[in-house]
Amino acid sequence: ALPDAWADGSISGLKARGNFEVSMNWQNRELKAAKITSLAGGMLKLRTNLAVNIEGIQSASVKSEIGYVTTFQTKKGKTYRIIAHQN
């Protein structure tokens, strides 16, 4: 959820539950791309408004009542590139 004043932007260095570091950029309030670094390894569960692809990983975004959920196993120290599906 972003304020209306933040239609376009980027952020980096966010810490997420499960010991992940997140960087992302968005345009027109929609995710364009993100990078998530797994600092400890383990399962990552993403919740997004749009379906996403994980570069180099076979995964599926599953539609739910709150958007899409994508879950995949991560390796410690590896960075994963998240890309919004193009309609």
Side-chain angles (χ1 to χ4, degrees):
L2 296 169
D4 288 339
W6 294 4
D8 303 325
S10 64
I11 196 157
S12 62
L14 293 176
K15 299 294 184 185
R17 185 181 320 178
N19 207 12
F20 296 98
E21 186 172 290
V22 180
S23 299
M24 63 181 156
N25 62 62
W26 61 92
Q27 188 174 28
N28 297 322
R29 293 183 197 83
E30 291 186 2
L31 177 69
K32 290 300 172 190
K35 290 183 181 178
I36 299 176
T37 300
S38 178
L39 301 175
M43 192 63 68
L44 174 62
K45 184 177 198 176
L46 292 175
R47 290 187 181 138
T48 56
N49 289 335
L50 301 171
V52 296
N53 291 324
I54 315 305
E55 192 172 85
I57 299 285
Q58 184 132 357
S59 64
S61 292
V62 178
K63 188 153 178 62
S64 72
E65 66 266 1
I66 60 170
Y68 290 87
V69 177
T70 308
T71 305
F72 63 99
Q73 185 67 37
T74 68
K75 293 183 181 177
K76 181 179 179 178
K78 184 166 180 172
T79 298
Y80 299 88
R81 188 163 183 252
I82 315 302
I83 304 166
H85 274 280
Q86 300 299 316
N87 293 333

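As the structure is a computational prediction, the values presented were derived from the model and not from experiment.
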Using a 3.5 Å cut-off and no angle test, enumerate the donor-acceptor pairs between side-chain atoms of residues 14-25 and protein atoms at least two apart in sequence or in another chain.
from: Lys15; atom 1: NZ; to: Glu21; atom 2: OE1; distance (Å): 2.8

Report yes if the side chains of [X] and [Y] come closer than 4.5 Å at any heavy-atom pair, otherwise no.
X: Lys76; Y: Leu39; result: no
X: Asn49; Y: Glu30; result: no
X: Leu46; Y: Val69; result: no
X: Leu44; Y: Thr70; result: no

Neighbour count >12 (heavy atoms, 6.0 Å) for atom CG, Asp8: yes

Pairwise distance CD(Gln73) to CE(Met43) - rounded to 0.5 angstrom: 4.5 Å

Approximate separation, where rounding is to 0.5 Å, of Ile83 CD1 and Lys35 NZ: 10.5 Å

Flag, side chain of Thr74 to backbone of Gly42, donor-acceptor distance under 3.5 Å: yes

Donor-acceptor contact below 3.5 Å, side chain Trp26 vs main chain Trp6: yes

CA sep, side-chain torsions, deciding dist, call: Lys78, Thr37, side chain to side chain contact (heavy atoms under 4.5 Å, CB included): CA-CA 6 Å; Lys78 184 166 180 172; Thr37 300; over 6 Å; no

Cluster overlap Ile54 with Tyr68, hydrophobic side-chain contacts below 4.5 Å: no

ILVMFWY cluster, Ile11 and Ile36 together (side-chain gap under 4.5 Å): yes

Non-neighbouring partners of Tyr80 that pass ring-ring contact (aromatic ring centres under 6.0 Å, His included), sequence neighbours left out: Phe72

ring-ring contact (aromatic ring centres under 6.0 Å, His included) contacts in which one or both residues fall within residues 28-63, not counting sequence neighbours: none

